[in-house]
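Here the structure is laid out as structure tokens; the discussion comes afterwards.
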Amino acid sequence: MEPLPKSGLYYPNNLARIAFLALEDVMGSNGVNALLSLANKREYIGNYPPDNMENQIDFSDISTVIGTLDDMYGLRGSRVLAMRTGMAVFDETLKNIGEAVDVNDEGFLALPLIEKMRVGLSFVGISLTQSTKNVPIMKEESDHFSYAFQLCPVCWGRKTTEPSCHLLAGTLRGGLKWVTRGLNFNVTQVKAHSCGDDVCEFVIPFEPV
Ligand SMILES: [Zn+2]
């Protein structure tokens with residue numbers, strides 16, 4: 001993984017902290033230490049970002065760590081790890097923010113699936129962007145949602161052969177799973193900055209898996 005120049009765009013400390021802790025859950029602390037060492041981000045070893053919402057983690061740091069994860073585990077292995085990490089990021093963010101919506105409330109349970117999906121996807125947007133201006137663009141087509149990030153910390157400054165911002169896909173899946181009480185949706189990334197597109201865009205079918 002080539003070193004990336006600083007982006008001047010920042011991700012909140014606590015979201016980066018949650019991502020590191022979630023990676024630790026899936027690959028162990030030795031695994032994360034090896035990853036950070038290989039990524040040349042040794043300053044984070046045993047020294048994760050603090051638990052606050054200040055925007056201090058440069059996008060290039062996140063992107064370098066994820067790019068190194070691809071190098072270490074190959075695209076398939078990295079995909080599984082990043083997807084699980086993304087789902088954990090959503091779960092932990094939710095715990096931190098407190099449940100803004102009671103998904104077990106009778107009124108909520110009675111809502112059509114698509115309405116629940118709207119809530120879950122908006123909530124991911126809010127939790128990822130509450131302290132940045134990076135508001136995702138959500139659209140509804142005939143049978144799916146499209147969800148696009150104009151700025152992406154996952155692939156910032158990198159080039160990939162296929163869209164691979166699995167951390168974001170996992171976060172979206174985590175949000176949908178929460179709001180539907182356990183349903184899985186096939187979140188597919190169709191565009192990526194790292195592939196030369198102007199957004200990182202995901203497609204989410206209305207039907208669960
Ligand atoms: Zn991306």
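Counting convention: from 1, in listed order, for ligands and their atoms alike.
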Atoms named by residue and atom, protein N, O or S, within reach of the Zn ion (ligand 1) (under 2.8 Å): Cys152 SG, Cys155 SG, Cys165 SG, Cys200 SG
Ring geometry between Phe145 and Phe206 (parallel below 30°, tilted from 30 to 60°, perpendicular above 60°): perpendicular
Pairs where residues 195-209 contributes a residue and the test salt bridge (Lys or Arg N to Asp or Glu O under 4.0 Å) is met, not counting sequence neighbours: Lys191-Glu201
Validation row: Asn13, Ile57 side chains within 4.5 angstrom (heavy atoms): yes
Residue pair Lys41 / Thr64, side-chain heavy-atom distance below 4.5 Å: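 In short, these two side chains touch, coming nearer than 4.5 Å.
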Ring-ring centroid check Tyr44 Phe20, cutoff 6.0 Å: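 Ring-ring flag for Tyr44/Phe20: true, centres closer than 6.0 Å.
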Arg42 backbone acceptor or donor facing Ser37 side chain under 3.5 Å: no
